[in-house]
Amino acid sequence: MFNPPAPIDLKRYIREVPDFPKPGILFYDISSLLGDADGWAVALERLSRATMACAPELLAGVESRGFLLSAPLAGRLGLGFTMLRKPGKLPGETISLSYGLEYGTDALHLQKGAVKPGQRVVVLDDLLATGGTLEASIKLLGQAGAKVVGAVVMIELEGLGGRARIEGLGIPLTSLVTYQEA
Ligand SMILES: O=P(O)(O)OC[C@H]1O[C@H](OP(=O)(O)OP(=O)(O)O)[C@H](O)[C@@H]1O
Ligand SMILES: Nc1ncnc2[nH]cnc12
């Protein structure tokens, strides 16, 4: 009888670093995944499927680690890509929103005109923790006139309320890998 191989567990490529960037934070480092051609190929394939299930017209990526996923994915899927950036990085007129992080606060900006009215957008980031970053991204894209049709992350930290925050906005969320945090 044919026994198909077990699906690759992406966790084996993700390094866990205690007390970074602050004491008490367990940091999930994707550098080791990006550095492994096989692991990265599997991750991109799974991200592609999750993203295309939402039938987007444009991808949006969150600075900075979100760019690592969203830009190559947009190229692979033949879609445009827009950046949600930290303050002071985007030229021209922008709209912005502040948000809370697992370890601090920040703000995101989007260039005016980056999104067409009603355009179907999937927003991507490497990791969901409290959901503050993704929530701000979704709200900002909505303010810009986008129809956000999905959120896709590589890593979801369960127990920090992130999923409830995103689904509470009516946005379907897909994650490739989950860790229990609290
Ligand atoms: O769900 P949340 O609690 O909002 O946390 C998740 C966010 O935190 C990290 O970004 P960070 O601000 O550390 O920036 P970086 O991508 O530039 O490293 C991560 O890449 C997510 O964007
Ligand atoms: N625990 C964590 N590991 C990696 N990135 C993060 N962003 C927010 N929390 C994080």
Side-chain angles (χ1 to χ4, degrees), residues 9-36 39-40 43-44 46-47 50-51 59-74 81-90 94-111 114 121-144 146 148 150-182:
D9 183 1
L10 289 176
K11 281 187 182 177
R12 76 183 209 222
Y13 299 103
I14 297 167
R15 200 163 65 106
E16 298 177 27
V17 185
D19 299 320
F20 183 86
K22 288 184 177 172
I25 300 288
L26 179 60
F27 190 86
Y28 295 91
D29 183 17
I30 60 165
S31 312
S32 34
L33 172 62
L34 298 170
D36 187 290
W40 185 219
L44 274 179
R46 291 181 190 171
L47 289 167
T51 300
L59 302 188
V62 185
E63 183 169 357
S64 57
R65 280 174 274 154
F67 293 170
L68 301 171
L69 281 55
S70 44
L73 211 57
F81 161 68
T82 196
M83 296 179 283
L84 295 152
R85 294 213 66 177
K86 306 271 168 82
K89 300 286 187 183
L90 286 172
T94 63
I95 57 170
S96 69
L97 257 186
S98 297
Y99 60 97
L101 274 176
E102 194 187 6
Y103 41 75
T105 61
D106 217 328
L108 285 174
H109 287 245
L110 177 66
Q111 279 174 326
V121 177
V122 166
V123 57
L124 290 118
D125 205 352
D126 68 319
L127 182 141
L128 177 81
T130 65
T133 308
L134 213 45
E135 183 181 28
S137 305
I138 290 164
K139 288 182 171 169
L140 194 53
L141 286 162
Q143 282 177 18
V148 181
V152 176
V153 297
M154 191 131 69
I155 300 170
E156 176 180 355
L157 306 188
E158 290 180 324
L160 300 176
R163 175 171 287 274
R165 242 164 127 168
I166 304 313
E167 291 179 344
L169 298 172
I171 306 299
L173 170 75
T174 306
S175 59
L176 301 189
V177 171
T178 58
Y179 295 90
Q180 193 59 45
E181 274 301 291

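When a ligand or atom number is given, it counts from 1 through the structure's own listing order.
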Proximal ligand 1 atoms for Leu127, defined as those under 4.0 Å from one of its heavy atoms: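 The list of qualifying atoms is 6 (C), 21 (C).
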Any N/O of [X] closer than 3.5 Å to an N/O of ligand 1?
| X | answer |
| --- | --- |
| Leu128 | no |
| Gly131 | yes |
| Ser64 | yes |

Lys11 to Tyr179 six-membered ring, cation-pi geometry met (6.0 Å, 45°):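 Yes, Lys11 sits over the ring of Tyr179.
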Return yes or no for this condition: an N or O of Ile25 is under 3.5 Å from an N or O of ligand 2.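 Not met; the criterion fails.
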Short N or O distance, Arg65 and ligand 2, threshold 3.5 Å exclusive: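 Between Arg65 and ligand 2, an N or O pair is found under 3.5 Å apart.
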Distance-only, no hydrogens or angles: does the [X] side chain make a donor-acceptor pair with backbone N or O of [Y] under 3.5 Å?
| X | Y | value |
| --- | --- | --- |
| Asp9 | Arg12 | no |
| Asp29 | Glu16 | no |
| Arg165 | Glu135 | no |

Examine ligand 1 and decide if any of its atoms is less than 4.0 Å from a heavy atom belonging to [X].
| X | result |
| --- | --- |
| Asp106 | no |
| Glu135 | no |
| Leu134 | no |

[X] versus [Y]: any side-chain heavy-atom pair under 4.5 Å?
| X | Y | answer |
| --- | --- | --- |
| Leu59 | Thr82 | no |
| Leu176 | Ile155 | no |
| Asp106 | Tyr99 | yes |

Report the part of [X] in contact with ligand 1, treating N, CA, C, O as backbone and CB onward as side chain, heavy atoms under 4.0 Å; options are side chain, backbone, both, neither.
| X | value |
| --- | --- |
| Lys86 | side chain |
| Thr133 | both |
| Thr130 | both |

Side chain, backbone, both or neither: which part of Leu157 comes within less than 4.0 Å of ligand 2 when only heavy atoms are counted?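 Within the 4.0 Å criterion, Leu157 contacts ligand 2 through side-chain atoms alone.
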Check for me whether Thr133 has a heavy atom closer than 4.0 Å to any atom of ligand 2.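 No heavy atom of Thr133 comes that close to ligand 2.
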Does Glu181 come within less than 4.0 angstrom of ligand 2, counting non-hydrogen atoms of the residue?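 Judged by the 4.0 Å heavy-atom criterion, Glu181 does not count as contacting ligand 2.
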Could you report the tightest heavy-atom contact between Ser175 and Glu156, atom names first, then the distance?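 Nearest heavy atoms, Ser175 then Glu156: OG-OE1, 2.7 Å.
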So if I apply the side-chain contact (heavy atoms from CB on, under 4.5 Å) rule between Leu124 and each of Thr174, Leu134, Val152, which one comes out positive?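 Of Thr174, Leu134, Val152, side-chain contact (heavy atoms from CB on, under 4.5 Å) with Leu124 is met by Val152 alone.
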